[in-house]
> 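Handing you a structure now.
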Amino acid sequence: MAKAIGLLSGGLDSTLAVKIIIEQGVEVVALNFVTPFCTCTKKGCRNEAKKVAERFGIELKVIGLKEEYINLVKEPKYGYGKNMNPCIDCRIFMFSEARKYMEEIGADFVFTGEVLGQRPMSQNLRAMRLIEREAGLYGRLLRPLSAKFFEPTIPEREGVVNREKLLNIQGRSRKPQINLAHEKNIFDYPCPAGGCRLTDPNFARRLKDAFKYGEDSITDIMLLRFGRHFRLPSGAKVIVGRNERENLILKNFAGNNHYVLFEVKGISGPVTLLTKYNSQQDVEIAARICLAYSDSNNIEYQRVGINQSDEISVVPVSRERIKEFMV
């Protein structure tokens with residue numbers, strides 16, 4: 001039996017691609033990639049990929065991409081999309097990993113749920129051919145949903161896959177995939193979503209600022225998801241929780257020695273973190289920002305706790321001044 005590596009996000013397109021290849025009698029091993037920029041949660045795409053793998057009775061391998069992927073995002077060879085999304089470099093990186101795994105387990109080809117023209121940067125003909133070549137998968141990268149727009153791959157020419165049973169879907173409309181899903185009795189698929197924070201303009205702005213100040217660790221990237229972010233003149237960063245959930249999350253980060261934790265005494269208010277600080281002035285400004293987002297209704301001095309063992313008395317920063325610091 002022929003064997004193939006399928007890139008599986010758990011979404012409709014990749015699920016359909018897996019179904020099509022399985023129906024051709026090919027053994028499928030699914031790969032699910034997780035990056036620091038995924039919008040995945042415990043109930044998100046990783047779980048969706050697991051559900052699909054269990055439904056079809058196929059093996060699923062989850063690969064976490066961390067530091068090496070962050071370096072790719074910092075300096076992509078083929079540039080960014082509209083925000084900080086290096087879609088072409090991302091595809092090349094993931095497909096290269098898939099090729100290595102294909103060679104490792106002796107599989108015959110790699111396939112994906114990509115649809116020609118669905119994404120402007122990475123799913124046009126030129127980009128898709130470039131990605132195939134740069135990933136070292138020339139002739140062994142099959143896209144079942146749009147295969148008729150490409151030259152026959154090696155598995156098609158060798159008769160491992162019947163080209164007549166592959167499709168010619170293109171464009172951004174989801175109707176062809178939805179109709180196909182009904183034909184194949186696939187109904188419980190998730191709604192389409194972006195899936196990558198790098199395409200979000202607000203997150204991209206924060207990430208660009210973080211890279212500028214050398215904040216590129218996994219922890220730095222994780223913190224970009226939470227709170228309001230401020231950059232002080234010294235280069236220090238202040239993060240202010242927006243709700244109870246974020247306050248709890250920021251408190252967990254405060255166990256790291258790189259962060260100073262602030263909480264207003266005797267008044268409801270946010271948890272605030274300070275990092276990369278250079279002086280007592282940074283500590284004072286962070287405390288004043290923390291106080292500004294509390295329930296304090298005046299400009300009187302208030303006590304703000306520092307690391308649950310010290311405190312400082314400050315007045316809140318004005319809203320006008322806060323805007324100068326906001327990332």
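This structure is a prediction, so every number in the text was calculated from the model and none was measured. The analysis underlying the following values was restricted to heavy atoms, covering all of them including side chains, and did not include hydrogens, waters or symmetry mates.
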> Would you compute the distance between atom OG of Ser9 and atom CG of Asn32 and round it to the nearest 0.5 angstrom?
7.5 Å
> Between the side chain of Asp89 and the main-chain N/O of Tyr78, is any donor-acceptor distance below 3.5 Å?
yes
> Nearest 0.5 Å, what's the CG-CD1 distance between Leu223 and Ile218?
12.0 Å
> Using a strict cut-off of less than 4.0 Å between a Lys/Arg side-chain nitrogen and an Asp/Glu carboxylate oxygen, indicate whether Asp216 and Lys74 qualify as a salt bridge.
yes
> Considering only distance and modelled atom types, tabulate donor-acceptor pairs under 3.5 Å from the side chains of residues 267-278, sequence neighbours left out.
| unit_1 | atom_1 | unit_2 | atom_2 | d |
| --- | --- | --- | --- | --- |
| Thr275 | OG1 | His258 | O | 3.3 |
| Lys276 | NZ | Tyr213 | O | 2.4 |
| Asn278 | ND2 | Ser234 | O | 3.2 |

> Can you tell me if CD on Glu151 sees more than 12 non-hydrogen neighbours from other groups inside 6.0 Å?
no
> If we only count heavy atoms from C-beta on, is the Ile169 to Gln118 side-chain gap below 4.5 Å?
no
> Parallel, tilted or perpendicular: which fits the ring planes of Phe187 and His182, with parallel below 30° and perpendicular above 60°?
perpendicular
> Do Leu72 and Pro86 come within less than 4.5 Å of each other through their side chains, counting heavy atoms only?
yes
> Taking Phe325 as the starting point, is it possible to reach Leu207 by hopping between hydrophobic residues whose side chains are less than 4.5 Å apart?
no
> So, for Leu60 and Ala53, which heavy atoms are closest and what is the spacing to 0.1 Å?
CB-CB, 3.8 Å
> Please report the closest heavy-atom contact between Ala292 and Ile322, naming both atoms and the distance.
CB-CD1, 3.6 Å
> Could you go step by step and tell me if Asp200 and Asn83 meet the side-chain contact (heavy atoms from CB on, under 4.5 Å) rule?
CA-CA 7 Å; Asp200 177 78; Asn83 293 296; over 6 Å; no
> Following the transitive rule for hydrophobic clusters with a side-chain heavy-atom cut-off under 4.5 Å over Ile, Leu, Val, Met, Phe, Trp and Tyr, establish whether Val73 and Val327 coincide in one cluster.
no
> Might you work through the side-chain contact (heavy atoms from CB on, under 4.5 Å) test for Phe109 and Lys3, ending with a clear yes or no?
CA-CA 7 Å; Phe109 63 97; Lys3 182 184 292 188; over 6 Å; no
> Got a donor-acceptor contact below 3.5 angstrom from the Asn124 side chain to the Met121 backbone?
yes
> Side-chain heavy atoms under 4.5 angstrom apart, residues restricted to Ile, Leu, Val, Met, Phe, Trp, Tyr: same cluster for Tyr80 and Ile70?
yes
> Please collect all side chain to side chain donor-acceptor pair (under 3.5 Å) contacts where either partner lies in residues 299-317, sequence neighbours excluded, each pair once.
Arg303-Glu311
> Only one of Arg206, Lys237, Lys208 forms a salt bridge (Lys or Arg N to Asp or Glu O under 4.0 Å) with Glu215, so which one is it?
Lys237
> Over 60° means perpendicular and under 30° means parallel, so tell me whether Phe203 and Phe37 are parallel, tilted or perpendicular.
perpendicular
> Out of curiosity, Phe111 CZ to Leu8 CG, how far, rounded to the nearest 0.5 Å?
8.0 Å
> Work out which heavy atom in Leu232 is nearest to a heavy atom in Ile289; give both atom names and the distance.
CD2-CD1, 4.2 Å
> Drop me the distance from Ser173's OG to Ile178's CD1, to the nearest 0.5 angstrom.
7.5 Å
> Taking the side chain as every heavy atom from C-beta outward, state whether His229 and Met326 have any atom pair closer than 4.5 Å.
no
> Where is the tightest heavy-atom contact between Gly113 and Ala17, given as atom of each residue plus distance?
CA-CB, 3.8 Å
> Can you confirm whether Leu145 sits close enough to Leu180 that some side-chain heavy atom of one is under 4.5 Å from a side-chain heavy atom of the other?
yes
> Cluster question for you: counting only ILVMFWY and a side-chain heavy-atom cut-off of under 4.5 Å, with indirect links fine, are Leu166 and Phe149 together?
no
> Are Leu141 and Ile105 connected in a single hydrophobic cluster, I mean Ile/Leu/Val/Met/Phe/Trp/Tyr linked by side-chain heavy atoms less than 4.5 Å apart?
yes
> Hey, are Lys100 and Glu97 close enough for a salt bridge, meaning a charged N less than 4.0 Å from a carboxylate O?
yes
> Quick check: do Val283 and Phe262 have side-chain heavy atoms less than 4.5 Å from each other?
yes
> For the residue pair Asn247 and Glu263, confirm or rule out a side-chain donor-acceptor distance under 3.5 Å.
no
> I want to check something: taking the side chain as every heavy atom from C-beta on, are Lys19 and Ile186 in contact at a cut-off of under 4.5 Å?
yes
> Is a donor from one side chain sitting under 3.5 angstrom from an acceptor on the other, for Gln281 and Ser279?
no
> Check for a donor-acceptor pair, side chain of Arg231 on one end and backbone N or O of Gly235 on the other, with a separation under 3.5 Å.
yes
> Could you check whether Lys165 pairs with Glu23 (Lys NZ or Arg NE/NH1/NH2 to Asp/Glu carboxylate O, under 4.0 Å)?
no
> Give a yes/no verdict on a cation-pi contact between Arg143 and Phe150, requiring under 6.0 Å between NZ or CZ and the six-membered ring centre and an angle within 45° of the axis.
yes
> Please, which pairs that meet salt bridge (charged side-chain N to carboxylate O under 4.0 Å, His left out) have at least one residue in residues 52-66, sequence neighbours excluded?
Arg55-Asp188
> Side chains of Gln177 and Asp13: donor-acceptor distance under 3.5 Å anywhere?
yes
> Using the salt bridge (Lys or Arg N to Asp or Glu O under 4.0 Å) rule, take Asp108 and Arg140 through it: C-alpha gap first, then chi angles, then the decisive distance, then the call.
CA-CA 7 Å; Asp108 300 282; Arg140 294 199 180 274; 5.4 Å; no
> Can you name the nearest heavy-atom pair linking Phe253 to Tyr259, along with the distance?
O-CD1, 3.4 Å
> To the nearest 0.5 angstrom, please state how far the CD atom of Glu104 sits from the CD1 atom of Ile5.
9.0 Å
> How about Lys148: does its NZ atom have over 12 heavy atoms from other parts shown lying under 6.0 Å from it?
yes
> Determine, for Glu103 against Arg99, whether the closest basic-nitrogen to carboxylate-oxygen distance falls under 4.0 angstrom.
yes
> Below 4.5 Å, heavy atoms only, C-beta onward: do Arg163 and Pro152 meet side chain to side chain?
yes
> With a 4.0 Å cut-off on N to O distance, would you call Glu134 and Arg91 a salt bridge?
no
> The test is side-chain contact (heavy atoms from CB on, under 4.5 Å); show your working for Leu65 and Met94 and say whether it passes.
CA-CA 9 Å; Leu65 305 177; Met94 291 183 178; 4.1 Å; yes
> Working to the nearest 0.5 angstrom, can you tell me the gap between Ile88 CD1 and Ser122 OG?
7.0 Å
> I would like to know whether Arg129 and Glu132 meet salt bridge (Lys or Arg N to Asp or Glu O under 4.0 Å); could you show each step before the answer?
CA-CA 5 Å; Arg129 287 169 174 156; Glu132 177 181 344; over 6 Å; no
> Does the pair Leu125 and Leu116 meet the rule for a side-chain contact (heavy atoms from CB on, under 4.5 Å), with working shown?
CA-CA 7 Å; Leu125 273 174; Leu116 178 66; 3.9 Å; yes
> Locate the shortest heavy-atom distance separating Leu142 from Glu156; write the atom from each residue and the value.
CD1-OE2, 3.3 Å
